[in-house]
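Structure first, then comments.
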Amino acid sequence: MAETNLQAVRKHLGYKADEVIRMLLRRADTLAVPVMSATSLKTKLSRWENGREAVSQPYRRLFRDIYGRTSEELGFPEEEANDEADELISRLALARSVDSETIEVFKRQVDQARHVDRRLGGVSLLDQLRSNIDQLQSLLGFSTMNGQRQALAGVLTEASALAGWEALDRNAIRQSWEHHETAKAAAREEGSPILLAHSTAQQAFILIDLGEVQAAVGQLAEARALADRTAPPVLRAWMAAAHGEGLAAAGQRDDALRAFDAAGTHLPTDPVDPALPFLFLGGAHLDRWRGNALSKLGEPDAIQQLTTALPLLPPDFVRARTGMLVDLAFAYAAADDRDASLDHARQARRLAAQIKSDRQLRRLSGLILPGSTSRAA
């Protein structure tokens with residue numbers, strides 16, 4: 001019997017059936033959605049994965065949440081479209097009803113999702129953000145007023161860029177790429193080179209994860225050039241640091257370090273810009289980013305850079321802390337300190353499992369401890 005999409009995704013993510021059932025029950029409890037018992041779910045999961053029975057609601061929603069995949073990727077049928085979706089007059093009227101207060105509601109939703117994401121990970125947010133993105137795209141597609149279109153496009157850019165970053169963290173590579181394409185298109189619609197530069201640069205991290213480092217370096221250089229012409233200092237600093245990470249991934253040590261020096265030069269005394277709520281470079285953030293690059297380069301200074309920055313990281317940046325622990329595991333392995341590498345890998349794995357960061361778990365799967373001939377467990 002051919003493998004179903006649902007089964008293939010579970011195996012790709014490395015989840016056992018019992019783990020999936022526990023995740024489904026936890027997610028259902030969070031949403032206050034009534035579901036069947038664990039025993040019944042075990043039987044149902046087998047039938048769903050073997051294609052003997054179609055997945056019904058609310059389980060489609062729960063699977064999208066815990067796996068971070070779309071209905072199409074999981075092999076679910078598209079939801080039935082509302083008949084009114086084809087009524088152009090109704091759509092135009094709905095789009096015209098969007099006012100400044102509505103735009104602010106959308107902005108607050110994205111900002112709240114951003115706060116939840118960095119503390120708890122994206123497992124609870126992807127489906128919600130996709131719904132918001134669909135709604136924004138629909139309103140934008142039927143909006144006829146320029147000012148309104150630009151406002152909607154700006155929110156759509158931020159929502160799509162955030163969804164793209166969450167999808168990358170869940171290892172949903174294609175979905176992440178498509179969200180970033182949406183973000184870039186919306187930034188062009190708004191006429192914002194700043195948002196376009198940020199979305200373009202963030203998308204390049206997908207290329208780094210795929211091993212397409214030269215393409216990533218080129219895309220980051222393009223984004224940085226765009227930002228250098230128009231952006232405020234904090235974004236220029238962020239772009240320089242992003243470019244530095246790409247150069248480090250490509251093994252271009254001197255250019256990478258120069259890029260981080262430039263980031264430090266651009267960084268203003270007050271790095272908080274209310275117009276750019278998605279950028280964090282103050283405090284320990286630029287230092288941890290530089291530490292990540294030094295770790296990629298195998299530089300001994302990576303350990304000092306990261307251990308100094310780690311206790312300064314705000315406690316709500318759980319995903320960033322996870323990444324720093326992974327970087328330290330690799331840095332200590334490069335320094336032949338097996339015990340320290342293993343200790344940091346265990347801490348990182350615990351946090352990554354807690355926030356369902358499949359990206360960081362995948363990174364850890366490539367860690368080779370000193371004295372080992374195989375990858376760390």
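Given the structure is predicted, the values throughout are model-derived calculations rather than measurements.
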Could you tell me whether the side chain of Lys356 reaches within less than 4.5 Å of the side chain of Tyr15, counting heavy atoms only? yes
Side-chain donor-acceptor contacts of residues 237-245 below 3.5 Å, not counting sequence neighbours, with atom names and distances?
residue : atom : partner : partner atom : Å
His243  : ND1  : Arg224  : NH1          : 3.0
Glu245  : OE1  : Trp289  : NE1          : 2.2
Glu245  : OE2  : Lys296  : NZ           : 3.3

If only atom types and distance count, is the side chain of Ser71 paired as donor or acceptor with the main-chain N or O of Pro77 below 3.5 Å? no
Would you say that Arg64 contacts Leu126 through its side chain, given a criterion of any heavy-atom pair below 4.5 Å between the two side chains? no
Gln203 (side chain) donor-acceptor with Ala183 (main chain) under 3.5 angstrom: no
Heavy-atom side-chain contact between Phe76 and Leu6 under 4.5 Å: yes
Main-chain N/O of Lys107 paired with Glu158 side-chain donor or acceptor, under 3.5 Å: no
Is any side-chain heavy atom of Leu25 closer than 4.5 Å to one of Arg22? no
May I ask you to decide if the ring planes of Phe278 and His198 are parallel, tilted or perpendicular, using 30° and 60° as cut-offs? tilted
For Phe280 and His285, take the angle between the two ring planes, folded into 0 to 90°, and tell me which bin it lands in: parallel under 30, tilted 30 to 60, perpendicular over 60. tilted
Test side-chain hydrogen bond (donor to acceptor under 3.5 Å, both in side chains) on Gln360 and Thr322 and set out the steps. CA-CA 7 Å; Gln360 299 299 343; Thr322 306; over 6 Å; no
Any side-chain heavy-atom pair from Val98 and Ser143 closer than 4.5 angstrom? no
Would you confirm whether Asn50, through its side chain, and Arg52, through its main-chain N or O, come within 3.5 Å as a donor-acceptor pair? no
Leu279 and Asp273, any side-chain heavy atoms less than 4.5 Å apart: no
Val35 vs Asp29 side-chain heavy atoms within contact, under 4.5 Å: no
Checking side-chain hydrogen bond (donor to acceptor under 3.5 Å, both in side chains) for the pair Thr102/Asp99: CA distance, chi angles, key distance, verdict? CA-CA 5 Å; Thr102 307; Asp99 56 15; 2.8 Å; yes
Lys/Arg N to Asp/Glu carboxylate O, Glu166 vs Arg170, below 4.0 Å: no
Charged N to carboxylate O below 4.0 Å: is that the case for Arg359 and Asp169? no
Between atom CG of Leu361 and atom CG of Asn171, what is the distance when rounded to the nearest 0.5 Å? 9.0 Å
Is Arg174 salt-bridged to Glu73, cutoff N-O under 4.0 Å? no
With the side chain counted from C-beta on, respond yes when Leu310 and Leu325 share a heavy-atom pair under 4.5 Å apart, and no when they do not. yes
Which pairs count as side-chain hydrogen bond (donor to acceptor under 3.5 Å, both in side chains) when at least one residue sits in residues 339-348, sequence neighbours excluded? Asp343-Gln347
Got a sec, which residues hit side-chain contact (heavy atoms from CB on, under 4.5 Å) with Thr308, two or more places apart in sequence or on another chain? Gln304
Regarding Arg130 and Asp134, does a basic nitrogen lie under 4.0 Å from an acidic carboxylate oxygen? no
Can Glu19 and Arg10 be counted as an ion pair, charged N to O under 4.0 angstrom? no
Test: Arg258 and Asp255 ion pair at under 4.0 Å: yes
